[in-house]
Amino acid sequence: MPNMPNCLKGISRLKLYVAIGIGGVIGSSLRFLLSFLFGTNNFSAFPWATLTVNVSGAFLLTFVLFTPFIKDKISPTIFTAITTGVIGSYTTFSTITVEVILVGKENVFYAFLYLFLTICGGLLCSFIGYKVAKSLKKEAIVP
């Protein structure tokens, strides 16, 4: 498996994919449950569920990645299932925050640039997607 971390090279691809998939089901289900508990079905309301998921996911991923006990006591397959599967599907924001911290350790300017581009790029793409969707809706109505 090219470009894989050393700790994952001995694991079969199928076993790893299944573990990540199971973790993904768990993480996305947790996110859905949380949005259900917050009653988030009104898109004009403040997205408390999403905020909670993003902030808690950022904490969880950083905690898991930087706690030596967890990395030493859990198999690489389970570790990847938890980080990439559960937390990765629970939120992608957690990955962004960890990457900003890691880049910032090397170059603060690049960390802020990455954060700026991530946020502004995401907002821009969201705006473009909204506009494209609105334009397709109008075109579908007009014969």
Side-chain angles (χ1 to χ4, degrees), residues 1-140:
M1 290 185 256
N3 298 324
M4 287 193 83
N6 288 334
C7 65
L8 299 178
K9 287 189 178 176
I11 301 170
S12 76
R13 283 186 190 201
L14 181 59
K15 183 178 177 181
L16 191 60
Y17 291 156
V18 169
I20 292 169
I22 292 169
V25 169
I26 294 167
S28 56
S29 297
L30 288 171
R31 181 195 304 199
F32 180 76
L33 176 64
L34 197 60
S35 66
F36 178 76
L37 292 174
F38 273 87
T40 309
N41 57 3
N42 180 0
F43 291 109
S44 63
F46 189 82
W48 288 108
T50 303
L51 178 64
T52 302
V53 164
N54 284 339
V55 173
S56 64
F59 169 80
L60 288 171
L61 183 61
T62 305
F63 178 79
V64 170
L65 287 175
F66 291 100
T67 303
F69 172 78
I70 293 173
K71 289 177 96 171
D72 294 342
K73 298 295 180 186
I74 297 177
S75 75
T77 303
I78 300 299
F79 184 79
T80 305
I82 291 169
T83 56
T84 303
V86 176
I87 301 171
S89 67
Y90 178 68
T91 176
T92 57
F93 185 75
S94 57
T95 304
I96 294 166
T97 58
V98 169
E99 289 172 345
V100 167
I101 290 170
L102 293 175
V103 171
K105 288 171 65 176
E106 301 299 320
N107 187 315
V108 174
F109 173 76
Y110 283 141
F112 280 103
L113 179 63
Y114 174 64
L115 185 60
F116 173 80
L117 293 174
T118 299
I119 292 170
C120 291
L123 289 171
L124 178 62
C125 289
S126 181
F127 177 76
I128 292 169
Y130 172 79
K131 288 295 192 180
V132 170
K134 284 293 191 182
S135 72
L136 292 176
K137 201 171 188 181
K138 288 178 187 177
E139 289 175 11

Asker: Identify the heavy atoms of Phe79 and Ile74 that sit nearest to each other, and give their distance.
Answerer: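 In this case the closest contact between Phe79 and Ile74 is N-CG2, 3.5 Å.
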Asker: Go through Phe32 and Ser35 one step at a time and tell me if the side-chain contact (heavy atoms from CB on, under 4.5 Å) criterion holds.
Answerer: CA-CA 5 Å; Phe32 180 76; Ser35 66; 4.3 Å; yes
Asker: How many angstroms lie between atom CG of Asn54 and atom OG1 of Thr97, to the nearest 0.5 angstrom?
Answerer: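 Spacing of CG (Asn54) from OG1 (Thr97) equals 9.0 Å.
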Asker: Heavy atoms, side chains only, cut-off 4.5 Å: are Val25 and Ser29 in contact?
Answerer: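 Answer yes - side chains close enough.
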Asker: Could you check Leu61 against Tyr90 for side-chain contact (heavy atoms from CB on, under 4.5 Å), going step by step and ending with a plain yes or no?
Answerer: CA-CA 10 Å; Leu61 183 61; Tyr90 178 68; over 6 Å; no
Asker: Taking all non-hydrogen atoms of both residues, which atom of Gly27 and which atom of Ser89 are closest, and how far apart?
Answerer: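 Heavy atoms only, the tightest pair is CA-OG, 3.2 Å.
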Asker: Output, in order, the C-alpha distance, side-chain angles, deciding distance and verdict of side-chain contact (heavy atoms from CB on, under 4.5 Å) for Ile119 and Leu123.
Answerer: CA-CA 6 Å; Ile119 292 170; Leu123 289 171; 4.0 Å; yes
Asker: Would you check if the side chain of Thr118 reaches a backbone N or O of Tyr114 as a donor-acceptor pair within less than 3.5 Å?
Answerer: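 Such a contact is found between Thr118 side chain and Tyr114 backbone.
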Asker: In sequence, state the C-alpha distance, the side-chain angles, and the governing distance for Phe112 and Asn107, and then conclude on side-chain contact (heavy atoms from CB on, under 4.5 Å).
Answerer: CA-CA 9 Å; Phe112 280 103; Asn107 187 315; over 6 Å; no
Asker: Do you know which two heavy atoms are closest between Ile20 and Thr84, and how far apart they sit?
Answerer: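 The pair with the smallest heavy-atom distance is CG2-CG2, 4.1 Å.
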Asker: Quick check: closest heavy atoms across Gly24 and Ser28, and the distance to 0.1 Å?
Answerer: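 It is O-OG, 2.8 Å.
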Asker: How long is the straight-line distance from CD1 of Ile87 back to OG1 of Thr62, given to the nearest 0.5 Å?
Answerer: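 Spacing of OG1 (Thr62) from CD1 (Ile87) equals 8.5 Å.
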Asker: Calculate, to the nearest 0.5 Å, the distance between atoms CG and CD belonging to Leu115 and Glu99 respectively.
Answerer: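 Answer for the CG-CD pair, Leu115 versus Glu99, is 11.0 Å.
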Asker: Specify the closest pair of heavy atoms between Gly57 and Thr91, including all atoms of both residues, with the distance to one decimal.
Answerer: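 In this case the closest contact between Gly57 and Thr91 is CA-CG2, 3.4 Å.
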Asker: For residues Val103 and Phe109, determine if any side-chain heavy atom of one lies less than 4.5 Å from a side-chain heavy atom of the other.
Answerer: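 Result no, sub-4.5 Å side-chain heavy-atom pair not found.
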Asker: Does a side-chain heavy-atom distance below 4.5 Å link Leu30 with Leu34?
Answerer: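 Side-chain contact under 4.5 Å: no.
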Asker: What heavy-atom pair brings Val98 and Phe66 nearest, and what distance separates the two atoms?
Answerer: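 Looks like CG1-CE1, 4.5 Å.
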